[in-house]
Amino acid sequence: MLNKELPKIYNSAEHEDAIYAKWEKSGFFNPDNLSGEPYSIMMPPPNVTGVLHLGHALENSLMDIMARYQRMNGKKVLLLPGTDHAAVATQAKVEKLLVEQGLTNPRQKLGRDKLLEKIREYAENSKATILKQIKKMGTSCDWSRLAYTFDEARNSAVNIVFKKMYNDGLIYRGNRAVNWSVKGQSTCSDDELVQVERPAKLYTFKYAKDFPLAIATTRPETKLGDTAVAVNPRDKRYKKFIGQIFTVEVGAAKPLKIKIIADENVEVEFGTGAVGVTPAHSLIDFEMYEKQKSIGEPIGLIQVIDQHGQMTQAAGKEYAGLAVLAAREKFISWLKKQELLIKEEEITQNVGTSDRFGDAVEILPMTQWFVDVNKKIPGKNKSLKDLMREAVTAGHNNDLKQKITITPERFEKIYLNWIDNLRDWCVSRQIWWGHRIPVYYRRQEIFNFQFSIFNENTNLQQDIYVGEKPPEGDDWVQDEDTLDTWFSSGLWTFSTLGWPASAKATAGKPEKLNDLKTFHPTNWMQMGYEILFFWLARMILMSTYALDQIPFKDVYIHGMLRNELGKKFSKSSGNNLDPLEVAAKYGTDALRLSLISGIAPGNDSRFYEEKVEGARNMVNKLWNISRYIITNYPPVPKRHVRAGELRITNNEIKQKKLTQADEWILNNFQILVKAVKIDLENYNFSQAAGKLREFTWNYLADWYLEVCKFEKTDKKNEILSYLLIDLLKLWHPFIPFITEAIWAECGFKKMLIIENWPSLNKTINIKNNYFEAIIGVIKDIRDYRAENKIDLSKKLKVEIGVVKDKYNFIKSQEILIKSLKTGSVELEIKKSNKSNNEKFSIITFISISLVEGEVGTREKARLGKKINNLEKIIKATESRLANQEFIDKAPEAVVKKEKDKLTLYKSELKRLKG
RNA sequence: GGACAAUUAGCUCAGUUGGUUAGAGCAUCUCGUUUACACCGAGGGGGUCGUAGGUUCGAAUCCUACAUUGUCCACCA
């Protein structure tokens, strides 16, 4: 009757939404309803710019596997969901949409408030979509703690950290060369640049006829702002010029004073060995400028390009107002006319472009807010860089318990290398969608600030207010700029847990006061390697600095998903696989399983529909196995046995209540339970799933269930129930929906999601099991039939020779050998008089009497091949054992194994030849 | 230019401290609709583990060099 209710094919669409609703209603997604040791994972908040893609689907699968596994292990699990306002990305996207709708300059036309309104509308919409999609993935997160990087609680955290950094002198407003997107009218951090290769012209020239050295550049127009030429101090050709100042007239507003300076980084061999230094328009040159200043040999700084990509007054009357390219042409034609141009060559060059707006960035000197990564933190004698470094090496505060481990290890090196090269982090952005910098100025000062191009002597200290809340009095104006989105994302592990504990965030929810204490540092964080620097680094920075704690203990780095050709999935190339469509077609479980199969930590993997198909088949196989067990072996609840409990006593085992097959499957199941635990704890998701698949399909379905059709014993019902129940638990983290659905079919009232993770059954400790040997016999017969093309209906006469003391045993397996898909077999079991001292071989020979004459030659060929192979191995093994060095140096166990193998193979050979 | 990875069956990938006939899934070929499952079952074929050296009793695994592919960083002024 039960089987009538269960269709042959598992229909995912029928179950998924209902099951998710049931889980949600149960309250088990919320750790407040769980007890035990806390375990927390913060979901990397997806941007509110789009929809769920395969990368998200992978991440959700990984996180949910861990969350469910830990929950079943009796932990108080928090998987905290959230979304990211993704400052630049979102504003850029909405502006683009508005432009497409015909609004030419959204910022100007709409103004701050109206544009923000539009962006908010878009973001909220997108947020709702993506959250719905996360639910669709089956992710077991606590929706009551849903967070957003741009809500009030997170804003308060941002302001407080900003203020703390400011007070510690780690955030400063400085005039530095920064990356500027003309199109986006905003700064970008170094990490936000995407390097694009493109052809360029390299011009070699002299500033003036009598200038002693030539320099090369791809940006001639910036040379109107040169203030120095750098040479290597060991360069014999130029050494004598170091320190000299040359005044040249190149058409700029004022004659340029070019100082020859020394810089170790200039390569003597490269080009002319001399570098024109333009501090205003090159990050490296700006560093030289700062260095010169610090050693008391200052050089000038002349800004010749403005924020709109046009030449400034400083570039000279001829150039002012010209676009960069026009200025370049003009300058080149001037050089030609003056006969100063020496060489012109085509090269390819990498240009930093804005990640979000797509234009090549200009380097401009600007007054911006920076996080100083090298300055010592007051009272710490360590810089932020040091904190970031220590957290993954010696441990935060040199405490190994506060050390972050990165899986796979190699990313640790990449991370440390990045930290070494880190410059001060420019955190201010000139876009509107983001946390506004919590800094306030007096009116007249903001006027100066905005229109001063560069004035080192501006001192605004007394007129600046930095704080969580706006200052009193109405003559204060807030800084127009917003913060880099990573500033708020960096706080994610603790800003989501009620830090800072403002009255509002915790009102009426006393238990939440403890969230931070309970769940921080978080236990596990997973992310793609592409945001290692953006995010991992910044979370470590923020958490160690603000909380004096690491943000998480373990980081798991996953690779990127690529399509079957190895290309990145991208919207523009139209090769996108929509995870939701795939889930609709094959089921969410199949999608999840396929995403985590065949992946190794940190490595990219390819994803294609066939993979999902395979996973779907696995899911369906499990469905049918369950269907069969539930139908034919009454479910355990009816027999008043607790889920997963197997009542087998040592006595029963001794009394042979268990058959060879029973022992074999129970043994292998113990091995599986152990292996899955180890794999999950080492984040080997793919391997754990692989082993589950192997057991379920190849052990349970292909052998044990088949055996059960012929071997009827009292214990079968209990064993099968035990196996099914615990197997469902093991599978649950990977394929939560179908396992929960089957669980309900079993008749359990309690949900699978909070069942206890299977533990090892200590009564099952069986040695000397020979079921593998039975399998060997059966396979031999099948193999023979198939190879010799003998019809299953035709009777096959098989003789099995068995050593004396195993005769009764093999006799007892007669029915299995005859029945297990071996076709029609007439079995004759013969006693061999040999004594049995061969551990491995209980069956010494099988001879199959031939039914038809022509089969003889086929069989001879088949045997010949086998014999050949065996002889080869025997020869190799013999020569290995003849090698004295092998005997002397290899471990005893290895030598013994070789010896055993040799005896085994020799007897096997004898059998085949005989 | 620097760093990191990958290179194993037609394809996609495993291979956990070096241990001896190198595994899986898909594809392919042969056979089979026997009431859990054709989203199935049984069986077969297919790899000198990128190349060349080295270490070792023993190497897909460790070392060196090279090749190819990919990624990241730095950038040529």
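In what follows, every chain begins at residue 1, and chains take the letters A, B, ... in the order their sequences are listed.
Side-chain N/O atoms of Thr218(A) include one lying less than 4.0 angstrom from OP1 or OP2 on rA77(B). Within the 4.0 Å cut-off from OP1 or OP2 of rU12(B), not a single side-chain nitrogen or oxygen of Lys611(A) is found. Between Gln884(A) and the phosphate of rC57(B), there is no side-chain N or O to OP1/OP2 separation shorter than 4.0 Å. Taking side-chain N and O atoms only, Arg606(A) has no distance below 4.0 Å to OP1 or OP2 of rC11(B).
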Query raised in the report: Taking it one step at a time, do Tyr556(A) and Phe685(A) satisfy ring-ring contact (aromatic ring centres under 6.0 Å, His included)?
Result: CA-CA 11 Å; Tyr556(A) 172 90; Phe685(A) 302 100; 5.5 Å; yes
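The nearest pair of heavy atoms linking Cys746(A) to Ile630(A) is SG-CD1, 4.0 Å. For Ser686(A) against Gly598(A), the heavy-atom pair with the smallest separation is OG-N, 2.7 Å. Taking every heavy atom of both residues into account, Ile299(A) and Ala228(A) meet most closely at CD1-CB, 3.8 Å.
Annotation: cation-pi geometry not satisfied between Lys343(A) and Phe205(A) (NZ/CZ under 6.0 angstrom from ring centroid, within 45° of ring axis).
rC73(B) atom P lies 19 Å from atom CD of Glu412(A), rounded to whole Å. A straight line from CE of Met560(A) to P of rA5(B) spans 17 Å, rounded to a whole angstrom. The nearest whole Å value for the distance from the CG atom in Asn417(A) to the P atom in rC4(B) is 9 Å. In this entry the distance linking CG of Asn869(A) with C1' of rG45(B) reads 15 Å, nearest Å. Counting to the nearest Å, the C1' atom of rU20(B) and the NZ atom of Lys896(A) are 17 Å from each other. The CG-P distance, from Asn603(A) to rG15(B), rounds to 9 Å in whole Å. At whole-Å resolution of the value, CG in Asp420(A) and P in rA74(B) are 13 Å apart. We find that NZ of Lys872(A) is positioned 13 Å from P of rU48(B), with the value rounded to whole Å.
Salt bridge Glu898(A)/Lys901(A): present, at least one basic N to carboxylate O contact under 4.0 Å. Between Lys201(A) and Glu345(A) no salt bridge is recorded (no basic side-chain N to carboxylate O distance below 4.0 Å). Checked for salt-bridge contact, Arg880(A) and Glu878(A) miss the test: no charged N lies under 4.0 Å from a carboxylate O. Using a cut-off of 4.0 Å between Lys/Arg side-chain N and Asp/Glu carboxylate O, Lys897(A) and Asp900(A) are scored as not salt-bridged. Between Arg219(A) and Glu362(A) a salt bridge is recorded (basic side-chain N to carboxylate O distance below 4.0 Å).
Nearest to the side chain of Asn684(A), among rU16(B), rG43(B), rU20(B), sits rU16(B). When the nucleotides rC57(B), rU20(B), rA5(B) are ranked by their closest atom to the side chain of Glu898(A), rU20(B) comes out on top. Of the listed nucleotides (rA77(B), rU21(B), rA5(B)), rA77(B) has the atom at the smallest distance from the side chain of Val266(A). The side chain of Ile873(A) sits closest to rU21(B) out of rC57(B), rU21(B), rA77(B). Of all nucleotides listed (rU21(B), rC73(B), rU12(B)), rC73(B) comes nearest to the side chain of Phe533(A).
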Query raised in the report: Where does RNA chain B pair, written as one dot-bracket string 5' to 3', with Watson-Crick or G-U pairs under 3.5 Å, ( ) inside the strand, [ ] for crossing pairs and | for another strand?
Result: (((((((..((((.....[...)))).(((((.......))))).....(((((..]....))))))))))))....
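Residue contacts for Ala216(A): at a heavy-atom cut-off of 4.0 Å it reaches the sugar-phosphate backbone alone, with no base atom in range. Within the 4.0 angstrom heavy-atom criterion, no nucleotide atom of any strand lies near Ile887(A). Using a 4.0 Å heavy-atom criterion, one finds that Asn883(A) contacts the sugar-phosphate atoms exclusively. Counting non-hydrogen atoms under 4.0 angstrom, Lys897(A) reaches the backbone sugars and phosphates but no base. Base contact: Glu267(A) has a heavy atom under 4.0 Å from a base atom. Within 4.0 Å (heavy atoms only), Tyr203(A) reaches no atom of the nucleic acid at all. Leu532(A) comes within contact range of no nucleotide atom at all, as no heavy-atom separation falls under 4.0 Å. As judged by a 4.0 angstrom heavy-atom cut-off over every strand, Ile347(A) is placed among residues touching the sugar-phosphate backbone only.
No side-chain donor-acceptor contact under 3.5 Å links Glu613(A) and Asn617(A). Using modelled atom types and a 3.5 Å distance limit, the side chains of Lys223(A) and Thr278(A) yield a donor-acceptor pair.
Rounded to a whole angstrom, the distance from the P atom of rC62(B) to that of rG43(B) is 35 Å. With C1' as the reference atom, rU61(B) and rU17(B) are 11 Å apart, rounded to whole Å. Spacing between rC66(B) and rU56(B) at atom P, rounded to whole Å, works out to 23 Å. Here, rC63(B) and rA59(B) have their C1' atoms 11 Å apart, quoted to the whole Å. With both ends at atom C1', the span from rG44(B) to rA27(B) equals 15 Å, rounded to whole Å. Spacing of P atoms, rG2(B) relative to rA65(B), comes out at 12 Å, to the nearest Å. When the P atom is compared between rU16(B) and rG23(B), the two are found 14 Å apart, to the nearest whole Å. Atom name C1', nucleotides rA14(B) and rA22(B): the rounded distance is 11 Å, in whole Å.
A donor N or O paired with an acceptor N or O is found under 3.5 Å between the base of rU20(B) and the side-chain atoms of Arg880(A).
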Requested in this report: Quick one, give me the B/S/- string for nucleotides 22-39 of chain B, reading 5' to 3', where B means a protein heavy atom under 4.0 Å from the base and S means that only happens at the primed atoms, P, OP1 or OP2.
Outcome: ---S----S-----BB-B
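Mapped onto RNA chain B by nearest heavy atom, Pro891(A) and Thr217(A) fall at different nucleotides, with Pro891(A) at the one closer to the 5' end. Of the residues near RNA chain B, Thr877(A) and Ser597(A), the one whose nearest nucleotide (by heavy atom distance) lies more toward the 5' end is Ser597(A).
The one candidate from Val619(A), Leu727(A), Leu728(A), Asp589(A) that meets the side chain to side chain contact (heavy atoms under 4.5 Å, CB included) condition with Thr739(A) is Leu728(A).
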